[in-house]
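Below: one structure, written as C-alpha cells.
Hydrogens, waters and symmetry mates play no part in the numbers below; they use all other heavy atoms, side chains included. Quantities reported herein were computed from a predicted structural model and do not represent experimental measurements.
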Amino acid sequence: MSWISLKTTSTRWEAELMQQILAAHQIPTRIIDLGIASYMGTGSPAALQVRSQDRWTALLLLSPLEEEQAPEEDT
C-alpha cells in the first residue's frame, strides 16, 4: 500500500479537519508532521496523506464548491 501526500498545511488543525471530512467518506488517511513552525502559537506544518487509489476521490471531496453562475441579463 503506497501513500501520497495530498495536501500540505501550515497548521495541523487544517490537516485534521480534512482528515475528518475524508473519514466521513471511509477514506483512510494519515497526518505527517513536517517540523516545527517558524512562528509562535499557531501550530505546526503537516501533510495529509491518502492511499494512492483514493487520491482523486479525496481531491474531489476537498475541492472548493463551484459557484453557480447567474444567467446573463439582457439589457
Side-chain angles (χ1 to χ4, degrees):
M1 176 184 321
S2 64
W3 294 83
I4 59 167
S5 292
L6 189 67
K7 299 238 182 204
T8 58
T9 64
S10 59
T11 56
R12 185 178 173 87
W13 69 263
E14 289 178 86
E16 290 173 350
L17 178 63
M18 289 187 285
Q19 184 180 40
Q20 289 177 8
I21 292 169
L22 296 178
H25 294 276
Q26 286 81 39
I27 296 177
T29 60
R30 65 182 182 183
I31 296 175
I32 306 295
D33 288 317
L34 298 177
I36 299 172
S38 60
Y39 42 91
M40 297 179 62
T42 57
S44 61
L48 178 70
Q49 293 189 332
V50 297
R51 296 179 307 184
S52 59
Q53 65 263 28
D54 295 327
R55 176 183 182 189
W56 294 112
T57 305
L59 281 172
L60 181 63
L61 289 169
L62 297 177
S63 65
L65 296 176
E66 293 183 20
E67 293 187 22
E68 192 171 313
Q69 293 183 354
E72 294 183 24
E73 295 181 20
D74 293 331
T75 54

* To do: Give a yes or no on whether Leu34 and Ile4 share a hydrophobic cluster (residues Ile, Leu, Val, Met, Phe, Trp, Tyr; joining criterion: side-chain heavy atoms under 4.5 Å apart).
  => no
* Asked: Would Leu60 and Met18 show up in the same hydrophobic cluster when neighbours are defined by side-chain heavy atoms closer than 4.5 Å?
  -> no
* Structure fact -> Residues Ser44 and Gly35: closest non-hydrogen pair is CB-O, 3.4 Å
* To do: Locate the shortest heavy-atom distance separating Val50 from Ala58; write the atom from each residue and the value.
  => CG1-CB, 4.2 Å
Quick one: pull up [atom1] in [X] and [atom2] in [Y] and give me the separation to the nearest 0.5 Å.
| X | Y | atom1 | atom2 | result |
| --- | --- | --- | --- | --- |
| Ile21 | Leu17 | CD1 | CG | 4.5 Å |
| Ile32 | Thr8 | CD1 | OG1 | 12.5 Å |
| Leu48 | Arg30 | CG | CZ | 10.5 Å |

* Non-neighbouring partners of Ser5 that pass side-chain hydrogen bond (donor to acceptor under 3.5 Å, both in side chains), sequence neighbours left out -> Gln49
* Contact check, side chains of Asp54 and Leu6, non-hydrogen atoms, under 4.5 Å -> no
* Structure fact -> In short, side-chain hydrogen bond (donor to acceptor under 3.5 Å, both in side chains) pairs touching residues 15-27 with sequence neighbours left out are Arg12-Glu16, Gln19-Thr29
* To do: For Gln53, enumerate each residue passing the side-chain contact (heavy atoms from CB on, under 4.5 Å) test, keeping only those at least two apart in sequence or located in another chain.
  => Arg51
